[in-house]
Each structure stands twice: as structure tokens, then as C-alpha cells.
> 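Quick one: the structure is below, questions incoming.
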Amino acid sequence: MLINSKRNILPGRCSQLLKTAEVTFTIFAPLKKCIMKEIRVRFAPSPTGPLHIGGVRTALYNYLFARKHNGKFLLRIEDTDQTRYVPGAEEYIIESLKWCGIDYDEGVGIGGPHAPYRQSERKELYKAYAAELINNGHAYYAFDTPEELDQMRERLKAKGVATPQYDAFTRSEMVNSLTLSADETKAKLNSWSPYVIRILIPENEEILVNDLIRGEVNVHSSRLDDKVLFKSDGMPTYHLANIVDDHLMEITHVIRGEEWLPSAPLHVLLYRYLGWQPPLFAHLPLLLKPDGNGKLSKRDGDRLGFPVFPLKWTDPFSGEISSGYRESGYLPHAFINMLALLGWNPGTEQEVFSIDELIGAFSIERVGKSGSKFDPEKARWFNHHYMSGLPDKEVSILLGNILKEKGIEVAHEFLLSVSAMIKDRAVLIPDLWDQSHYFFVAPDSWDEKVVQKFWKPETPALLQKLSEILTNTDDFTVDNIDSVIKGYIHDNGLGMGQIMNTLRLALVGGSFGPGVSAIISVLGKNETLTRIDKAIANVGN
RNA sequence: GGUCCGUUCGUCUAACGGUUAGGACGCCAGGUUUUCAUCCUGGUAAUAGGGGUUCGAUUCCCCUACGGACUGCCA
């Protein structure tokens with residue numbers, strides 16, 4: 001059953017030999033290694049607010065990895081902390097992934113064979129595993145109140161313990177099923193005393209985490225604390241829930257942020273104690289802020305003037321607004337391309353990738369080890385690159401949307417011509433308007449600086465004469481307009497700048513935009529003549 | 001503080017122990033353009049420091065420095 005859909009990821013040598021799974025298993029037992037299990041990865045955000053670009057990158061890498069290996073990519077919502085629930089966050093996450101084009105095969109919103117994919121809806125499932133850990137001696141009940149835990153930490157700090165934690169030392173002086181007798185424990189449980197379940201970290205053991213990016217990471221068990229697995233509110237903590245779900249959902253590779261590396265040994269232990277095969281781990285380096293150091297955070301965006309979120313987010317409690325890449329006018333493809341190269345590289349000098357190319361080129365082995373500072377300039381460069389590479393038709397749709405908002409209606413052909421002319425002058429989508437507004441709205445004012453520099457007393461007469469020539473011109477193709485204007489300049493012994501700059505001023509109101517002849521060609525005879533007249537009548541007065 | 005992870009141009013990064021340390025963004029200069037952009041060409045700029053190992057270290061090992069993550073009944 002595995003084999004059929006997985007043929008294409010089998011190493012060539014083996015796939016030659018494999019006719020059916022049965023043959024392989026019975027006759028070519030040693031080749032079993034060649035049969036890779038279906039690769040299944042997940043993105044498992046917590047819906048506590050908007051997803052920032054670091055999270056999007058994690059999702060992206062999972063997605064690319066899954067697609068590359070013809071595996072499955074799932075979206076699981078880790079909402080085991082009910083106190084941190086933020087309305088709208090889950091929808092935000094889903095919409096963000098959708099905008100980015102990161103589609104998933106199973107998960108919240110679309111379901112799948114392991115539904116539900118929201119941990120709060122899987123609540124009942126975790127208890128049994130916590131109980132199993134208690135039964136096999138790898139976990140215990142603890143009845144300490146939060147206040148008592150605080151006191152313990154204070155007490156230890158006062159004694160000079162740098163890192164007070166609930167561990168082999170302290171657990172013996174706390175209230176738990178290890179210090180209480182079996183009867184006392186039972187009594188507490190029966191009297192509905194609030195309790196948590198903690199893992200019993202082994203005393204003296206090296207725990208090895210094999211990380212696809214970092215290699216082997218060793219941690220001594222004495223450095224770990226007896227983490228809470230199951231909370232007094234009946235919910236598991238992240239640590240338990242993520243192990244249980246990854247196992248049940250048959251996750252083969254856990255690709256997540258580096259901030260999880262310190263708790264990876266705990267997770268390794270949990271797999272062991274539950275008797276499960278752990279997935280392969282890959283801890284991604286962090287995204288750092290562009291200036292100074294530190295993890296990129298929500299505040300950095302507004303402070304430095306670039307979005308840190310894919311989509312605009314309005315905090316439902318404070319009303320605070322954080323800008324998004326979509327609303328700032330980035331193209332999703334450019335955004336994704338930029339993000340993909342932040343921490344990963346193909347080993348070649350290629351930087352511009354279609355999604356399919358990214359899928360083909362991606363590999364975890366080529367993910368770097370060190371954190372990457374996010375560079376907003378590079379993001380803009382990517383967007384400009386994609387913008388100017390967009391087909392005219394798509395640019396015209398983007399520009400058309402802006403016009404619609406402004407209540408401007410134009411002919412399709414006109415819009416297409418304008419789009420073609422300005423697309424490589426725009427970095428972000430709103431620039432499309434900034435670079436083209438004069439096509440749709442005739443200038444009402446004329447850049448003072450240009451007026452000062454070029455508008456001479458003889459200018460109105462010169463433009464008037466040119467206007468008359470244009471009136472008698474029928475061929476308004478770019479080439480013809482070009483030769484008409486140049487002919488006029490030449491015939492009258494004028495300077496190019498003298499005419500071109502003032503003509504441009506009359507047409508666009510300033511000193512910018514595509515070639516004058518091209519503008520005239522698109523504007524057409526009537527509009528061109530009207531604008532020249534208007535400038536003659538108004539400029540310099 | 002402790003544990004873990006990391007450190008190549010300003011930034012993103014390449015270089016399976018032997019390269020004039022490569023590319024991209026940015027910046028600077030020149031060219032194209034009647035303007036502003038684009039575009040093209042060129043330039044600027046890096047192996048954190050110190051010890052080893054080696055004929056030879058960006059690359060392997062150790063120390064130091066610096067940075068980061070973690071250190072919750074958060075994820």
C-alpha cells in the first residue's frame with residue numbers, strides 16, 4: 001500500500017527490483033531500507049497571534065520538503081493553552097498560508113485521516129498516554145500549587161542555585177506521588193486536588209538528539225527538569241501533545257525553529273518511554289532583526305519600517321495594527337522566494353526560483369546553521385524583479401484594481417499599454433499608481449523645480465508650434481511621434497532638453513516617466529494637445 | 001548565572017584541506033536614456049582572536065571573545 005504512490009522516491013537501484021511491496025518484504029528483506037516510508041511533515045503553530053515571517057519560513061520549508069519527496073504536509077493547530085487564545089489567529093494563519101501558496105494535504109479546515117487537527121479537540125486522547133507514562137514509572141503526579149513552585153524557586157535562588165528547577169534534587173521535597181505514599185496520593189486524587197503530571201527525568205544519562213542540520217547534540221539528563229506533561233486544567237502541555245500527535249499522525253520529520261532545540265532531549269525521552277520510533281529532527285536557525293541582534297520580533301517591523309507579518313493584523317484586544325506584506329504590495333511569489341533563501345541556498349548561484357524550482361532544489365542538508373538577519377532591501381529587490389517580469393496582463397489586473405478603488409474607468413487596451421510601460425518602474429504594487437497616475441488624471445500642477453529650470457519665456461511659443469505640427473499628424477505610433485518631434489527640434493535648431501523637458505512637464509506634470517514619445521503615443525492626439533494647451537495657459541504665470 | 005546552538009564582505013551566502021575566498025542585495029563610478037527609474041559594465045568590501053593538527057587550514061580540534069535560543073501548569 002505504501003509502494004504504489006511512493007515509487008518515484010525510491011532510490012533508482014531499488015525501484016528497478018521492486019515490483020510489489022510484497023515481493024520486497026518477503027524476498028528482498030535486506031532491501032527494506034530502500035523503501036522509504038511516506039514522508040509526512042507538519043506545521044504546528046499556536047494560534048496566539050499573527051504568524052510572523054519566521055513562522056512562514058518554517059511552514060515553507062516543511063512544505064518544500066514534503067512536495068520534494070512526494071510526501072504529505074499537514075497543518076495542526078496547537079491550542080493547548082486556553083488562556084492564550086486569540087480570536088482570529090487561526091484564521092489568520094490559514095489565510096497567510098493560502099496567500100503564500102503553501103497548501104497542505106491534511107489539517108484544520110480541510111480534515112484528513114487523522115482528524116481532528118486542532119489539539120483542543122483531541123483533548124481526551126492525551127490523558128491515556130500520560131497515564132501510561134505514570135504506569136511505566138516515567139512520570140508522576142505532582143500536587144504543588146503555583147505559589148509553592150514560586151516559593152521553591154525563591155528558596156533555591158536564595159541558596160545560590162542559578163537555575164532552580166523541578167528536578168532530581170527538588171522533587172524529593174515537593175508534594176508529589178514520589179514523596180507521598182500510595183494511599184496519600186490516591187486520597188489526593190480522589191479528593192479532586194488539582195494535580196499535574198510530570199515526567200521523571202532519569203538521573204544520570206546522556207541524551208542524544210540527532211539533528212539533520214546540527215548533527216549530534218548531547219545533553220546530560222541532570223540539566224533537564226521534570227517538565228509538566230499534563231496540566232491541572234486537563235490539557236496536555238505542548239511537550240506531550242506534540243509527541244502524541246506527531247506519532248499518531250505518522251510524522252516522519254519534525255522541522256521546526258531552533259527555539260525548540262533545548263527541549264528536543266525531553267521529546268526524545270518521551271518517544272522512548274512511550275515505546276515509539278522518534279521522527280527525524282531538523283531545527284531551523286532563527287530569523288534575526290536587521291539591526292543589532294536578537295530574534296526578529298513584532299516590534300521591529302514598525303520600528304524599521306517593513307512588515308514582519310505576511311498579512312495585516314489588527315490585535316483584537318488592543319486594536320494595534322501591524323502591517324503585512326500583502327497589504328504593502330508585495331507579490332506572494334517574491335515574498336516566498338525571498339524567504340526561501342533566508343537560511344537555505346541551493347549551492348548554485350541561482351537566486352530566482354519558481355515554486356517548482358524551489359521544490360526541486362530544496363534539501364534540508366543545505367539549510368544553514370546560523371541565524372539570518374532579515375534584509376528588507378533584498379525583499380524589495382525580489383519584488384521589483386518579479387514585478388517587472390510579470391506579464392502585462394497581470395500587471396494590468398493589479399493596476400486595474402487600484403483604478404477601481406479610485407473610481408477610474410479606462411479601456412482595457414489603454415490599461416494594458418500603460419501597464420507594459422510602467423511595470424519595471426514599480427517596486428511594490430502601489431508604485432504602479434505612483435508611476436502611472438498621469439495617464440489617467442491630467443496634471444493640475446507642474447513641478448516647480450522643472451519649471452524653474454526649463455520653462456523659458458519662449459517655451460509657450462515653441463510648444464504651441466509643436467502642438468500645431470502634432471495636430472496635423474495622424475500617425476501616433478511611437479516611432480513616428482519620435483521622428484516628428486525630433487524633426488521639429490532639428491528643423492528649428494532647438495535643443496533636445498529645451499523641448500523634451502517642457503513637453504514632458506506638460507504631459508505628466510514633472511520630470512519622470514517613460515519616454516515622451518511613448519507617453520504621447522498612449523495618450524493619443526486629443527489628450528496630448530489638451531495637455532499642451534493647458535500647460536501653456538497655466539505654467540509660468 | 002546555567003545548558004545548548006552559532007560566528008566568511010554592512011546584509012544573504014558559496015567554497016566535499018590546496019580558489020587571486022565566488023555570487024547576490026546595498027553602496028560608489030561609468031554607460032544607455034530628452035527626465036526619473038529600469039537595464040548594462042566596473043569597483044568597494046569578509047574568513048572574530050589565539051593556539052594546535054597538517055606539506056598546506058575558511059574548512060578539523062581546543063581555548064577565548066562575541067551573539068543567540070532555552071531556562072513556565074507558554075508554545
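Scope of the values below: all heavy atoms of this structure, side chains included, with no hydrogens, waters or symmetry mates.
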> Assign Arg380(A) to base, sugar-phosphate, or nothing according to its heavy-atom contacts below 4.0 angstrom with the strands shown.
nothing
> Suppose we define a pair by two distances each less than 3.5 Å, Watson-Crick or G-U wobble; what does U71(B) pair with here?
G1(B)
> Please report, rounded to the nearest Å, how far the C1' atom of G68(B) is from the NZ atom of Lys289(A).
11 Å
> Show the numbers, then the answer: is there a side-chain contact (heavy atoms from CB on, under 4.5 Å) between Thr145(A) and Glu148(A)?
CA-CA 5 Å; Thr145(A) 64; Glu148(A) 286 166 338; 3.3 Å; yes
> So, does the side chain of Arg504(A) form a donor-acceptor pair with the base of U35(B) at under 3.5 Å?
yes
> Could you measure between the two C1' atoms, the one in U41(B) and the one in U33(B), and give it in whole Å?
16 Å
> Is the phosphate of U34(B), meaning OP1 or OP2, less than 4.0 Å from a side-chain N or O of Asn501(A)?
no
> Side-chain N or O of Lys373(A) less than 4.0 angstrom from OP1 or OP2 on U7(B)?
no
> Treating Asp431(A) as the side-chain partner and Leu428(A) as the backbone partner, does any N or O pair qualify as donor plus acceptor under 3.5 Å?
yes
> Under 3.5 Å for both donor-acceptor distances, Watson-Crick or wobble: does U47(B) have a partner, and if so which one?
none
> Using purine N1 to pyrimidine N3 plus N6-O4 or O6-N4 for Watson-Crick, or N1-O2 and O6-N3 for G-U wobble, both under 3.5 Å, which nucleotide pairs with A24(B)?
U11(B)
> Rounded to whole angstrom units, what separation is found between the NZ atom of Lys227(A) and the P atom of A75(B)?
11 Å
> Counting side-chain heavy atoms from C-beta on, which of G22(B), C36(B), A75(B) comes nearest to Arg425(A)?
C36(B)
> Kindly state whether the ring of Tyr195(A) and the ring of Phe230(A) have centres lying under 6.0 angstrom apart.
no
> Here's one to test your reading of the geometry: is the NZ or CZ of Arg198(A) within 45 degrees of the ring axis of Tyr141(A) and under 6.0 Å from its centre?
no
> Please report the distance, rounded to the nearest Å, between NE2 in His220(A) and P in C70(B).
24 Å
> Look through every strand shown and name the nucleotide pairing with U32(B) as Watson-Crick or G-U wobble, where both distances are under 3.5 Å.
none
> Is the distance from the ring center of Phe309(A) to that of Tyr325(A) below 6.0 Å?
no
> Looking only at the side chain of Arg153(A) (C-beta and beyond, no hydrogens), which of the listed nucleotides A24(B), C73(B), G23(B) gets closest?
C73(B)
> Nearest to the side chain of Phe512(A) - A75(B), G26(B), C36(B)?
C36(B)
> Can you tell me how the ring of His437(A) sits relative to the ring of Trp433(A), calling it parallel under 30°, perpendicular over 60° and tilted otherwise?
tilted
> Please measure how far the P atom in G31(B) lies from the corresponding atom in A37(B), and state the result in whole Å.
15 Å
> Can you tell me how the ring of Phe362(A) sits relative to the ring of Trp344(A), calling it parallel under 30°, perpendicular over 60° and tilted otherwise?
tilted
> Just checking His283(A): base, sugar-phosphate only, or nothing, at a heavy-atom cut-off of under 4.0 Å?
nothing
> Whole-Å distance between U35(B) P and Glu448(A) CD?
21 Å
> Could you check whether Pro194(A) gets within reach of a base, just the sugar-phosphate, or nothing at all, counting any heavy atom under 4.0 Å?
nothing
> Choosing from C5(B), U34(B), C70(B), which nucleotide comes nearest the side chain of Leu261(A)?
C5(B)
> Give a yes or no on whether the ring-centroid distance for Tyr92(A) and Trp313(A) is below 6.0 angstrom.
yes
> Given atom CG of Asn345(A) and atom P of A24(B), what is their separation to the nearest angstrom?
15 Å
> Are the side chain of Ser521(A) and the backbone N or O of Ser517(A) linked by a donor-acceptor pair below 3.5 Å?
no
> Base, sugar-phosphate or nothing for Ser46(A)? Non-hydrogen atoms, less than 4.0 Å.
sugar-phosphate
> From the options A15(B), C73(B), C70(B), select the nucleotide whose nearest atom is closest to the side chain of Arg366(A).
A15(B)
> Checking all strands, does Arg84(A) fall into the base, sugar-phosphate, or nothing category for heavy-atom contacts under 4.0 angstrom?
base
> Starting at atom CG of Asn242(A), determine the distance to atom C1' of C74(B), rounded to an integer number of angstrom.
13 Å
> Would you indicate what Ser232(A) reaches in the nucleic acid, counting non-hydrogen atoms under 4.0 angstrom: base, sugar-phosphate, or nothing?
base
> Under 4.0 angstrom, heavy atoms only, what part of the nucleic acid is Gly343(A) near: base, sugar-phosphate, or nothing?
sugar-phosphate
> Which part of the nucleic acid, if any, lies within contact of Arg256(A), taking any heavy atom under 4.0 Å across all strands shown: a base, the sugar-phosphate backbone alone, or nothing?
nothing
> Check every atom of A24(B), C73(B), C12(B) against the side chain of Ser372(A) and return the nucleotide holding the closest atom.
C12(B)
> The side chain of Glu351(A) is closest to which nucleotide in this list: U34(B), A69(B), G23(B)?
G23(B)
> Does Val196(A) or Ser370(A) map to a spot on RNA chain B nearer the 5' end, using the closest nucleotide for each?
Ser370(A)
> Which nucleotide, if any, forms a Watson-Crick or G-U wobble pair with U19(B), using both distances under 3.5 Å?
none
> Nearest to the side chain of Lys231(A) - C74(B), A69(B), C5(B)?
C74(B)
> By the 4.0 Å heavy-atom rule, please label Thr80(A) as base, sugar-phosphate, or nothing.
sugar-phosphate
> Taking 4.0 Å as the cut-off, does a side-chain nitrogen or oxygen of Lys453(A) come that near to OP1 or OP2 on U35(B)?
no
> Starting at atom CH2 of Trp260(A), determine the distance to atom P of C5(B), rounded to an integer number of angstrom.
19 Å
> Mind checking if Asn218(A) touches a base, just sugar-phosphate, or nothing, with heavy atoms under 4.0 Å?
sugar-phosphate
> Looking only at the side chain of Ser511(A) (C-beta and beyond, no hydrogens), which of the listed nucleotides C36(B), A75(B), C4(B) gets closest?
C36(B)
> Starting from P on U13(B), measure out to CG on Leu287(A) and report it in whole angstrom.
9 Å
> Could you let me know what U54(B) is paired to, Watson-Crick or G-U wobble, both distances under 3.5 Å, or none if it's on its own?
none
> Would you mind classifying the nucleic acid contact of Val516(A) as base, sugar-phosphate or nothing, using non-hydrogen atoms under 4.0 angstrom?
base
> So which nucleotide from G23(B), A14(B), C25(B) ends up closest to the side chain of Trp381(A)?
C25(B)
> 5'-most contact on RNA chain B: Leu341(A) or Thr237(A), nearest heavy atom basis?
Leu341(A)
